[in-house]
Amino acid sequence: MKKPIVLLLFIFLFINCSSPKNVVAVKSDNHSKNNYIDGVSRESLKQNLEIIASDEMEGRDTGSEGQKKAGRYIIDFYKKHGVGFPKGATDYYQHIPAAYLNAKRNKNLPDSENIWAFIEGSEKPEEIVVVSAHYDHIGIKNGQINNGADDDGSGTVAIMEIAAAFQKAKNEGHGPKRSILILHVTGEEHGLHGSRYYTENPLFPLANTVADVNIDMIGRRDPFHENTNNYVYLIGSDYLSTDLYNVCEEVNAKNKFLTIDYKYNDKSDPNRYYYRSDHYNFAKNGIPVVFLYNGEHADYHRPTDDVSKIEFDALTTRTKYAFAIAWEIANRANRLVVDKSDTK
């Protein structure tokens with residue numbers, strides 16, 4: 001009887017080793033009261049992205065009616081899940097005047113808004129962990145709608161799910177020790193305007209801001225990973241804080257999320273991604289940041305960046321990883337130590 005069993009075991013191992021190298025759904029330990037990773041739902045990510053990156057939103061150009069419509073959808077999601085706006089704010093909007101958006105380079109942009117949501121910390125509410133993504137895109141060009149499903153519809157729906165997961169934890173008595181500020185920023189495509197405006201006009205003191213976990217494009221794969229989507233680029237985690245680098249590494253190792261690729265973490269990389277998304281406006285103010293990214297692909301800033309091309313297994317696992325990073329930062333005994341200063 002032993003030989004057939006060995007043969008079956010060999011076949012099973014061969015089949016598993018020969019399977020496509022894509023992301024495997026991450027299952028959390030449901031017996032742990034503090035583990036709310038499974039609150040991140042693939043179905044919800046897909047449902048929300050199909051709205052956020054639909055033709056109805058007309059490419060979400062900064063200040064456009066399509067972007068404002070997307071903003072209203074995001075806010076309705078937060079209301080549905082009981083996620084409120086921050087203390088000290090009058091609503092979910094941080095209004096940004098057109099004069100500010102056009103001050104550096106006049107593109108005749110209208111008024112626009114950052115959108116914020118908030119989960120107050122239970123023990124250190126004055127310490128703030130920012131989770132950010134830009135919800136604008138490039139609008140309509142040459143009569144074609146650029147839906148921006150990956151850029152940055154993927155990040156937009158990811159932080160919506162992260163907010164809902166933190167709120168669920170809080171509702172069940174296991175909320176984060178530090179406060180979570182969910183920040184949907186506008187104007188990224190025109191020069192990181194929304195994140196710059198927030199850091200120049202912060203609702204909470206920047207001195208109390210522990211970190212920014214920024215997400216910009218996590219729903220696809222790039223040419224360097226043609227055979228797998230089981231990866232994520234991390235950028236900036238070690239630039240200001242050894243603690244943050246260690247958190248990102250340890251959380252990933254513990255949960256077996258993904259392969260971390262540091263290809264673009266080199267400050268001399270010609271793509272300069274560290275300086276090209278919203279985390280940089282926090283980093284230049286001495287706040288530790290980590291940027292999660294899947295790399296550019298053929299549909300970047302083209303009308304073909306559509307929901308049909310999103311790999312939802314990868315989007316889900318990368319969102320869970322971002323949640324786990326934010327969770328650890330928010331709940332660790334001590335705030336991240338800033339032990340480096342060079343952001344150049």
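Residues: numbered from 1 along the sequence shown.
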Hydrophobic clusters here meaning ILVMFWY residues chained together by side-chain heavy-atom distances under 4.5 Å, can you tell me if [X] and [Y] are in one?
X	Y	answer
Y197	W116	no
I145	I138	no
Y233	Y275	yes
F77	Y93	yes
L206	V130	yes

Would you say [X] and [Y] make side-chain contact, with heavy atoms under 4.5 Å?
X	Y	result
M160	H184	yes
V232	D261	no
L45	V40	yes
Y92	K79	yes
Y321	T316	no

Could you report the tightest heavy-atom contact between [X] and [Y], atom names first, then the distance?
X	Y	answer
L240	A283	CD1-O, 3.7 Å
G71	I115	CA-CD1, 3.3 Å
A53	R60	CA-NH1, 3.8 Å
I215	A158	CD1-CB, 4.1 Å
L315	G219	CB-CA, 4.2 Å
L101	P110	CD1-O, 3.2 Å

Would you say the side-chain atoms of [X] pair up with the backbone N or O of [Y], donor to acceptor, closer than 3.5 Å?
X	Y	result
Q94	N201	yes
N331	P176	no
K170	G121	no
K107	N102	no
N252	C248	no
H279	Y274	yes
N285	I287	no
R178	I329	yes
R302	T304	no
E249	Y245	no

Output yes when [X] and [Y] qualify as a salt bridge under the 4.0 Å nitrogen-oxygen rule, no when they do not.
X	Y	value
E50	K46	yes
R42	D313	no
D216	R276	no

Under the side-chain contact (heavy atoms from CB on, under 4.5 Å) criterion, do I52 and I74 qualify, and how do the steps go?
CA-CA 8 Å; I52 293 294; I74 292 167; 3.9 Å; yes

Spatial distance of atom [atom1] ([X]) from atom [atom2] ([Y]) [nearest 0.5 Å]:
X	Y	atom1	atom2	result
S195	N214	OG	CG	8.0 Å
H225	R220	NE2	CZ	14.5 Å
L192	R196	CG	CZ	8.5 Å

Using salt bridge (Lys or Arg N to Asp or Glu O under 4.0 Å), reason through D38 and K320 one step at a time and then give a plain yes or no.
CA-CA 8 Å; D38 284 339; K320 289 182 176 183; 3.5 Å; yes

Is there a donor in the side chain of [X] and an acceptor in the side chain of [Y], or the other way round, less than 3.5 Å apart?
X	Y	answer
Y36	Q167	no
N271	D269	yes
N230	T228	no
D305	N146	no
Y231	R221	no
D212	S132	yes
Q67	D136	no
N114	H95	no

Would K254 and E328 satisfy salt bridge (Lys or Arg N to Asp or Glu O under 4.0 Å), going step by step from the backbone distance to the final call?
CA-CA 12 Å; K254 177 182 178 181; E328 178 62 25; over 6 Å; no

Decide salt bridge (Lys or Arg N to Asp or Glu O under 4.0 Å) for E113 and K68; before the verdict, give the C-alpha distance in whole Å, the side-chain angles of both, and the deciding distance to 0.1 Å.
CA-CA 8 Å; E113 305 84 22; K68 293 178 188 297; 2.7 Å; yes

Stepwise ring-ring contact (aromatic ring centres under 6.0 Å, His included) check, Y264 with Y262
CA-CA 6 Å; Y264 297 121; Y262 289 106; over 10 Å; no

Check the pair F118 / E120 against side-chain contact (heavy atoms from CB on, under 4.5 Å), numbers first and verdict last.
CA-CA 6 Å; F118 191 67; E120 187 174 29; 3.8 Å; yes

Mind running ring-ring contact (aromatic ring centres under 6.0 Å, His included) on Y280 and F291 for me, showing each step along the way?
CA-CA 9 Å; Y280 182 64; F291 173 29; over 10 Å; no

Test side-chain contact (heavy atoms from CB on, under 4.5 Å) on E188 and S277 and set out the steps.
CA-CA 7 Å; E188 191 270 356; S277 192; 4.1 Å; yes

Would you please test H193 and Y198 for ring-ring contact (aromatic ring centres under 6.0 Å, His included) and show each step?
CA-CA 9 Å; H193 294 322; Y198 177 81; over 10 Å; no

Could you walk me through whether L183 and V131 pass the side-chain contact (heavy atoms from CB on, under 4.5 Å) check?
CA-CA 6 Å; L183 191 62; V131 182; over 6 Å; no

Mind running ring-ring contact (aromatic ring centres under 6.0 Å, His included) on Y293 and Y273 for me, showing each step along the way?
CA-CA 9 Å; Y293 178 52; Y273 290 127; 4.8 Å; yes

Could I get the full list of side-chain contact (heavy atoms from CB on, under 4.5 Å) partners for I51, not counting sequence neighbours?
M57, Y73

Cation-pi, F224 ring and K263 (6.0 angstrom, 45 degrees):
yes

Using the side-chain hydrogen bond (donor to acceptor under 3.5 Å, both in side chains) rule, collect all pairs that involve residues 147-164, keeping only residues at least two apart or in two chains.
S44-E161, D55-N147, H134-D151, N147-D306, D150-S154, D150-N294, D150-H297, D151-H301

